[in-house]
Every structure is written in structure tokens, then in C-alpha cells.
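Taking it in order: structure first as C-alpha cells, then the write-up.
Please read all numbers here as calculations on a predicted model, not as lab measurements. Below, read A as the first sequence line, B as the second, and so on, with proteins coming before strands; counting in each chain starts at 1.
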Number of protein chains: 4
Amino acid sequence: MEDAATAALTEAAREKLRQTVDRIERLEEEKAEVANQIKEVYGEAKAFGYDVKALRQLVRIRKVDRAEREEQEAILDLYLLALGEI
Amino acid sequence: MEDAATAALTEAAREKLRQTVDRIERLEEEKAEVANQIKEVYGEAKAFGYDVKALRQLVRIRKVDRAEREEQEAILDLYLLALGEI
Amino acid sequence: MEDAATAALTEAAREKLRQTVDRIERLEEEKAEVANQIKEVYGEAKAFGYDVKALRQLVRIRKVDRAEREEQEAILDLYLLALGEI
Amino acid sequence: MEDAATAALTEAAREKLRQTVDRIERLEEEKAEVANQIKEVYGEAKAFGYDVKALRQLVRIRKVDRAEREEQEAILDLYLLALGEI
DNA sequence: GTTGATCTTATTTCTC
DNA sequence: GAGAAATAAGATCAAC
């Protein structure tokens, strides 16, 4: 007997599913590679004598700051929009 | 008076720190982009009628399976080793 | 002046908070004890001549296997679900 | 053919291994249960209106404080010991 | 709006 | 003691 998964699907449907899963898996691999590179940079920094924990905090703070700045600009745009300036 | 951060580091040290932070931030941006692409693929799958939650589980299971397969090859040796027989 | 913590809570609220913290701390102590017992068992095994590293891997593999077995039952459903066929 | 693991061991050795693994697995199960109970307590606290994040911090701080206090006492003991007082 | 899921970060534990 | 792996914690986002 064919296995159930095979039986339940058309060949086309199975092919499409397989492609979707493949795309996701390739992207996740890419993501893992980049994550690895980040780890390496922290590793080098540590070897260089940096306090890695502090460095991570610095990066995090800058990220939050950036987000806040962007929000501020968005608010400003809203005000300008409300005034018919843009 | 100079501010503390300026005072505490040589210009060269500050430059190096800045470069390190830059590299990390660029890599994190890349990572975020890839994460976004993954999210988009799931989004398309959802639009196509897939059960996204199930699809995620499927991907996760395949990942575990891959890891498992690699470990299977080591199991027999492990059993023997665990008994101190090797 | 009363201190802020005292001022901000009724006696009943403080009592309840204290009990909650106590429960958590007792449970964490328990958890630490059990973790210790596990460490002891490995210690005995080592004294007995077992390869502790291999033993740990064996335990880990059995855990993964158990999880895997449970997941296997769900996989077929997942494939079907993933295709939106159910 | 008998499988290799069976072939390589006496029955007694296999029995002892099995018991060791069993003990470890039972203890790990216990540990997981306690971890779960802790999670439940936090869940109840949240339902009761507590700020779980703050509560966790409180528990963590108390733990650090305890460790410090114990260290202080150890240092005191050392001083006393050095003075021939104990 | 609260639970559940995912993802990330942090800490701890193991191993070499 | 340093690197790797496991566990836990925290934050975030979606679904009901």
C-alpha cells in the first residue's frame, strides 16, 4: 500500500509543498550563517579584550535609540501631515 | 572638560570599537532581512491556504530529524562506551 | 516617614507577596537539590568506571528518541494539515 | 545475529547500566516537574496582577544578596580562623 | 486582553 | 579558563 501522505495529495500539491519547505530551509540556513558571523565578531572582540556583555548592551541600546528616533520622525511626519505641510 | 568616554579611550581604540559595532550592526541587519524573507514565505504559504502552524512544525521536525540521523550513526559506539568496554 | 515599600502596600498585600516569593524560593531550592542528586549519580557512575560523557549522551539521546516517538505519531497529520487538506 | 550491544555485555553489567539510566531519568523528570511548578507560581502571580518581570528580578536580587551574605560570612570565618578564634 | 508561539538573549553547565 | 551546548528568561507578535 502507498503511504497515506502520498495517497492524499496530487503530485503537483506535493511538489509545491516541497518547494516551500526547501525555500524556508535555505533561508534558515542563511540566517544561521549570519548568526554565526555575528558570534565570530563577538569572539574576536573578546579576544581583543572587550567586555562582550557590555558590547552587547551597547548594540542593544543603539538599536532602541534608533527605533525611538524613527518613531519621533514618524510622529513629526504625522504632525506635518495634519498641518497639510506634506 | 572632555566627556568621560572621550577621555577614557585613545582615538584608535574608539575607532576600533566603532568599527566593531558597525560590523555587528550590519550583520544584524542582514539577519533581520533574512528573517523577514522567511516570514514572507510563511505569509505566502498562508495566502495559499496552508496551515502555517503545521508548516512550522513540519520544518522543525525535519530539522530534528536531520540532527537525529547524524546522531544515529554514533549510538552503537556510545552504548559500548557507556559501559566502559572500549 | 515610612519607607516607600511600606507605604505603597497594605499589610495584607505585603504578606501575600512575601508568601509568593517564599514559594518560589522553596521550589528553586528543591530544583537545585534534584540537580545536585543528578550530579551525584553521574559522580558514582564515574567512580564505577563509566564514561560519563558517553552516559550523558546516552541519556540525551533517549530523551530525544522519546520526543521523536511522540512526534512521529503526529507527522502524518501534519503533512496533511500543512497542505490545508484537513 | 544478536545485536552488538547485547553481545558485548554480561547481563549484570547491562542491568546496572539500566538502573543508572533509570535513576537519572527519574530525577530529571522530578526536576522538570519542579520547574513547571515554578512556572505555575509565576502564572498565578500574573493572574493576581503582579508584574512578573519585577517579581523575577526580586527573586534574582534576593538570590544574589544571599550569595553575598554567605560570602561575607565565609570571609568573616576566614578572619576568625586567621586569628585563631575558631 | 490574555494565552500561546516564536525568537532572541542571558545564564549556567559541561567538556576539553 | 575558554569555547560549546543546554537551559532558562525575556521580549514580541499573532490568534482567539
**Message:** Between D:E68 and D:Q72, is there a side-chain donor-acceptor contact under 3.5 Å, judged purely by atom types and distance?
**Reply:** no

Polar pairs (N or O, both sides) under 3.5 Å between protein and nucleotides 4-7 of chain E?
unit_1, atom_1, unit_2, atom_2, d
E:dA5, OP1, B:K53, NZ, 3.3
E:dT6, OP1, B:R60, NH2, 3.3
E:dT6, OP2, B:R60, NH2, 3.1
E:dC7, OP1, B:R56, NH1, 2.9

Hey, are [X] and [Y] close enough for a salt bridge, meaning a charged N less than 4.0 Å from a carboxylate O?
| X | Y | answer |
| --- | --- | --- |
| A:R14 | A:E11 | yes |
| C:E28 | D:R62 | no |
| B:E15 | B:R18 | yes |

**Spacing of D:I24 atom CD1 relative to F:dA6 atom C1', expressed in whole Å** = 16 Å

**Request:** Can you tell me the distance, in whole Å, between the CD atom of D:E40 and the C1' atom of E:dT3?
**Result:** 15 Å

Review item, nucleotides 14-16 of chain F N/O atoms under 3.5 Å of protein N/O:
unit_1, atom_1, unit_2, atom_2, d
F:dA15, OP1, B:K46, NZ, 2.7

**Message:** Would you compute the distance between atom CG of A:L76 and atom CG of A:L81 and round it to the nearest 0.5 angstrom?
**Reply:** 11.0 Å

**Request:** Using the rule that two of Ile, Leu, Val, Met, Phe, Trp, Tyr join whenever any of their side-chain heavy atoms come within less than 4.5 Å, decide whether C:I24 and D:F48 are in one cluster.
**Result:** yes

**Request:** Of all the heavy-atom pairs spanning D:V34 and C:L27, show the shortest one and how long it is.
**Result:** CG1-O, 3.3 Å

**Request:** Name all pairs fulfilling the side chain to side chain donor-acceptor pair (under 3.5 Å) condition that reach into residues 37-61 of chain D, sequence neighbours left out, sorted by first residue then second.
**Result:** C:R23-D:E44

